[in-house]
Structures are given as C-alpha cells and as structure tokens.
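If you scroll down you'll find the structure; I have some questions about it.
Every chain is numbered from 1 and lettered A, B, ... according to where its sequence line falls, protein lines coming before strand lines.
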Number of protein chains: 2
Amino acid sequence: MSFQTLDQFLREHGIKASYQRVRIFDFMRQTRTHPSVAQIYNELHPQIPSLSLATVYNTLNLFVEKGLITELKVEGDEARYDYPYEPHAHFVCHKCGTIYDVPMGTPQACMDMDGFIVKETQIVFKGICPSCRDKK
Amino acid sequence: MSFQTLDQFLREHGIKASYQRVRIFDFMRQTRTHPSVAQIYNELHPQIPSLSLATVYNTLNLFVEKGLITELKVEGDEARYDYPYEPHAHFVCHKCGTIYDVPMGTPQACMDMDGFIVKETQIVFKGICPSCRDKK
DNA sequence: ATTCTTGCAAATCATTTGCACTTTA
DNA sequence: TAAAGTGCAAATGATTTGCAAGAAT
C-alpha cells in the first residue's frame, strides 16, 4: 500500500488524511510490537520534528474510534495499540512485559449472547513467556 | 463465610488480616459490579472513617498480586476489580459503561500454547448492551 | 521490640484540553 | 476561505510514594 492509497484508505473511513495521520497509520501498519504512544512519538519525532505528543494521542484515539486499530490496556499504565491483521489474541508476560500475538479465531460465546451487540472481542492471556521461563 | 473465616482465608494466602483488608475483601466478595477504587472507598469510608484511599490502592494491589481478585482496565481511566466466582468473561457497553459478566469456560487455545505458562485468561467483549440498544 | 500496615500529603505520570496558528479540501 | 487539524503549555486525574504514627505478633 503506497502513501497515495493510504490517503484514500483513511478518507474511505471518514478521516481527513493529514500528513501526520498518514505517517502514524503507516507506522502502525508496519509495527507488530503493540507500541505505546511514547514509542510511536519517539520513533516518528526525529523524522517529523514538528510532531507533538498531543497529535499522536488525538490521532490514535481517532483511529480507535473509527475501528482501524485497537487499544490494549494490559501492561503497566500506558495504553498499547494493536493493528489487527487477522483475528488474534494476546499473551502478556508478567516478567518482561512483552505482548505476543496468539493466532486464534473468534470464540463461540460471541454468538451466544442474546441481545448484546458485540463489536469487538479481546482475549488476553497472562503468565510467563518461554524466554523468561528459561532465563530463570 | 464469617469475618472469622475471612481472616483465615486471607492468612492462608499469605496476607496479614488487618481490619481494613478484611473489610475490603468482604466488600469485593459481596459486590458484583466490578467496582473502581473510588467506588470501594466511597462505600467503605462512611463505615470506616479513618480509611484512606492509599490503603484501598495498596490492598487491592496486594489482592491482585496474591491472585484473589483480578484487575480490569477496560472502561475509562479507572481500573475496575473483579472477584472471580467462577470462570467468566466480560461484556463492556460502549454507551453506558456497564461491565456485565458472561458465563464461559476457559477457551481451548489456553492449552495450545507451547512453552507459555498461562496463569490468567481475560476475555472481554465490547459493544452495545440490550438496555442501551433499546433506549435508542 | 520489631516488623508490617495505615493515613496523609505531596509527587508522578499518562492523558486531555484551551487556544493561537497552520493545513486541508 | 471555511472547517478541521496541529502544537504547545498548562490542567487534570488516577495512582504511587515518603514518612510519621499506629497496630500486630
């Protein structure tokens, strides 16, 4: 997807395609580490010196609202953001804090809830990852 | 479970049974509304005038650490706390913010993750609840 | 008596907001 | 050019912390 079509993609979702928004969205697409606002800012600020933290917050909130990305609040105080390639769950390591993707379809209960309109499903496993388990 | 045995229960989990801790734990047991720290404090403070907010924070963090309750960060900025009677998922309404319990066993994938030690599983559905859907 | 807990107030830190300026369509 | 987005700095609000006083064993 080129910048040209990223523009289009955002507009199709009712989002004005400012330079900052395109860059932040492109960063989310290319990053699978569930970055925090601070991480996104730290990566992009050197390349876009005028970029402000507030804009990163505004933009991510907008993307979440429009359903383009998902907000995860599973590790520490900072929200982490997830670009949903395909349905997947998350595993959070209690020791190192890493958030892993876990391939998985949407669970059955999703369909069984009479009267509830389910728009989003989040599944989070917490525990110890193989790397931390072995380190001892 | 009487106060007597609540004492015991806490001690069995390596927690000194102070008056505040017993009262807060008892409150969690009796409450199914996934209360926030502020709600717990507001309920108990009239009955325990000396109670401080910091103690509520300390105590809940301790209970989470010992695995007696679960912290949910799904609605707004405030953490919500869950007393896990039996395995269940949650449904969060985007409009009214209510957190509903959804009866449900532990999903299969839990068993399928080689090398990951899963200590906790959280499933959260988000959407519109029947009450908000009908209100229009 | 020593160790752990509490309560208060101040500190911290992520996130939001108000407003003047700039950009986009 | 009108409407919306950006950047900065200040404000907000949840949570944590330092420390002196109190309770438990």
Side-chain angles (χ1 to χ4, degrees), chain A residues 3-4 6-27 34-42 44-66 68-81 97, chain B residues 3-4 6-8 10-25 27 34-42 44-66 68-81 97:
Chain A
F3 267 35
Q4 196 49 273
L6 279 187
D7 273 41
Q8 249 179 273
F9 182 78
L10 292 181
R11 275 192 235 100
E12 278 164 14
H13 286 263
I15 296 170
K16 265 196 194 172
S18 77
Y19 180 67
Q20 290 86 334
R21 287 172 175 177
V22 173
R23 292 298 303 275
I24 292 170
F25 185 69
D26 193 36
F27 181 79
H34 318 89
S36 67
V37 168
Q39 287 165 348
I40 298 169
Y41 177 77
N42 290 336
L44 292 181
H45 185 239
Q47 301 168 37
I48 314 171
S50 77
L51 184 66
S52 98
L53 250 186
T55 297
V56 179
Y57 276 103
N58 286 338
T59 302
L60 292 171
N61 285 340
L62 180 66
F63 289 169
V64 169
E65 200 179 292
K66 298 296 187 181
L68 301 188
I69 63 177
T70 304
E71 190 184 40
L72 302 176
K73 288 181 173 175
V74 289
E75 232 300 290
D77 315 317
E78 294 176 89
R80 308 279 295 261
Y81 293 87
Chain B
F3 267 36
Q4 197 49 274
L6 278 188
D7 273 40
Q8 250 179 272
L10 291 181
R11 276 193 236 98
E12 280 164 13
H13 286 265
I15 296 170
K16 269 197 192 169
S18 76
Y19 181 67
Q20 291 86 334
R21 287 170 177 178
V22 172
R23 293 298 305 275
I24 291 170
F25 185 70
F27 181 80
H34 318 89
S36 66
V37 167
Q39 286 165 349
I40 297 169
Y41 177 77
N42 291 335
L44 292 180
H45 186 239
Q47 303 168 36
I48 314 171
S50 78
L51 185 65
S52 97
L53 249 187
T55 297
V56 180
Y57 276 104
N58 287 338
T59 302
L60 292 172
N61 285 342
L62 180 66
F63 290 169
V64 169
E65 202 179 293
K66 298 295 186 183
L68 302 186
I69 62 176
T70 303
E71 191 185 40
L72 302 175
K73 288 181 173 175
V74 289
E75 231 301 291
D77 316 316
E78 292 177 271
R80 309 278 294 259
Y81 293 88

Subject >> Terminal helix-axis angle for the helix from C:dA1-D:dT25 to C:dA25-D:dT1, with five pairs defining each axis and rounding to 10 degrees >> reply: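 Taking the rotation axis at each end, their angle is 40°.
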**OP:** Remember a base hit wins even if backbone is also touched, and classify A:Ala38 as base, sugar-phosphate or nothing at under 4.0 Å, heavy atoms.
**Re:**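 Nothing, no nucleic acid heavy atom in range.
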Subject >> Any residue meeting side chain to side chain contact (heavy atoms under 4.5 Å, CB included) with A:Lys16, in chain and number order, not counting sequence neighbours >> reply: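 With sequence neighbours excluded, A:Lys16 shows a side chain to side chain contact (heavy atoms under 4.5 Å, CB included) to A:Arg21, given in chain and number order.
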Original post:
Any idea which of D:dT6, D:dG7, D:dT15 is nearest the A:Thr59 side chain?
Top reply: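 Given the options D:dT6, D:dG7, D:dT15, the side chain of A:Thr59 is closest to D:dT6.
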Subject >> Partner set under ring-ring contact (aromatic ring centres under 6.0 Å, His included) for B:Phe63, not counting sequence neighbours >> reply: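 With sequence neighbours excluded, B:Phe63 shows a ring-ring contact (aromatic ring centres under 6.0 Å, His included) to B:Phe25, given in chain and number order.
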Subject >> Residues in side chain to side chain donor-acceptor pair (under 3.5 Å) contact with A:Glu12, at least two apart in sequence or another chain >> reply: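 Here no residue qualifies.
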Original post:
How would you list, by chain and number, every residue that makes a side chain to side chain contact (heavy atoms under 4.5 Å, CB included) with B:Tyr57, sequence neighbours excluded?
Top reply: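 Result, side chain to side chain contact (heavy atoms under 4.5 Å, CB included) vs B:Tyr57: B:Val37, B:Leu53.
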Original post:
With sequence neighbours left out, what residues match B:Tyr81 under ring-ring contact (aromatic ring centres under 6.0 Å, His included)?
Top reply: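 Checked B:Tyr81 against ring-ring contact (aromatic ring centres under 6.0 Å, His included); zero matches.
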Subject >> A:Glu65 CD to C:dT15 C1', straight-line distance once rounded to whole Å >> reply: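 One finds 16 Å between C1' of C:dT15 and CD of A:Glu65, rounded.
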Original post:
So, B:Gln47 side chain and B:Leu44 main chain: donor-acceptor pair closer than 3.5 Å or not?
Top reply: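 Between the backbone of B:Leu44 and the side chain of B:Gln47 there is no qualifying donor-acceptor contact (under 3.5 Å).
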Original post:
Between A:Ser50 and D:dG7, is there a side-chain N or O to OP1/OP2 distance below 4.0 Å?
Top reply: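 Looking at the OP1 and OP2 atoms of D:dG7, one of them is under 4.0 Å from a side-chain N or O of A:Ser50.
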Original post:
If every non-hydrogen atom of A:Phe27 is compared with every non-hydrogen atom of A:Pro35, which pair is closest and at what distance?
Top reply: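 Reported closest heavy-atom pair: CE2-CG, 4.1 Å.
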Original post:
With sequence neighbours left out, what residues match B:Thr59 under side chain to side chain donor-acceptor pair (under 3.5 Å)?
Top reply: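 Listed in chain order: nothing, the list is empty.
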Original post:
Base, backbone or nothing for each nucleotide of nucleotides 16-25 of chain D, written B, S, -, heavy atoms under 4.0 angstrom, 5' to 3'?
Top reply: BB--------
Subject >> Gap between atoms OH and P, on A:Tyr81 and C:dA14 respectively (whole Å) >> reply: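 Distance, rounded to whole Å: 13 Å.
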Subject >> Interatomic distance where CZ belongs to A:Arg21 and P belongs to C:dT23 [whole Å] >> reply: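 Taking atom P of C:dT23 as the reference, CZ of A:Arg21 is at 15 Å.
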Original post:
Once you round it to whole Å, what is the distance between C1' of D:dT15 and CZ of B:Arg80?
Top reply: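 Distance, rounded to whole Å: 17 Å.
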Original post:
Are any of B:Thr55's side-chain N or O atoms less than 4.0 Å away from OP1 or OP2 of C:dG7?
Top reply: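 For C:dG7, OP1 or OP2 has a side-chain N or O of B:Thr55 closer than 4.0 Å.
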Original post:
What is the distance, rounded to the nearest whole Å, between atom CD1 of A:Ile48 and atom P of D:dC8?
Top reply: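 The answer, rounded to whole Å, is 13 Å.
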Original post:
Quick one: which of D:dT15, C:dG7, D:dG7 gets closest to the side chain of A:Leu51?
Top reply: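 For the A:Leu51 side chain, the nearest candidate turns out to be D:dG7.
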Original post:
C:dT12 P sits how many Å from A:Glu78 CD, rounded?
Top reply: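 In whole Å, C:dT12 P lies 17 Å from A:Glu78 CD.
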**OP:** Using whole Å, report how far CG of A:Leu60 lies from P of D:dT6.
**Re:**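 One finds 11 Å between P of D:dT6 and CG of A:Leu60, rounded.
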**OP:** Test B:Leu60 against every option in B:Leu68, B:Ile40, B:Thr55 by the side chain to side chain contact (heavy atoms under 4.5 Å, CB included) rule and name the one that passes.
**Re:**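 Of the listed options, the one satisfying the test is B:Ile40.
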Original post:
Between atom NE2 in A:His45 and atom P in D:dT6, what is the gap in whole Å?
Top reply: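 That distance rounds to 15 Å.
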**OP:** For the pair A:Phe9 and A:His13, name the ring-plane relationship: parallel under 30°, tilted 30 to 60°, perpendicular over 60°.
**Re:**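 Tilted: the ring planes of A:Phe9 and A:His13 meet at 30° to 60°.
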Original post:
Between C:dT23 and A:Gln20, is there an OP1 or OP2 to side-chain N/O distance shorter than 4.0 Å?
Top reply: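 No.
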Original post:
If you look at every strand shown and take non-hydrogen atoms under 4.0 Å, does B:Ser36 touch a base, only sugar-phosphate, or nothing?
Top reply: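 Answer is nothing: B:Ser36 stays at 4.0 Å or more from every strand.
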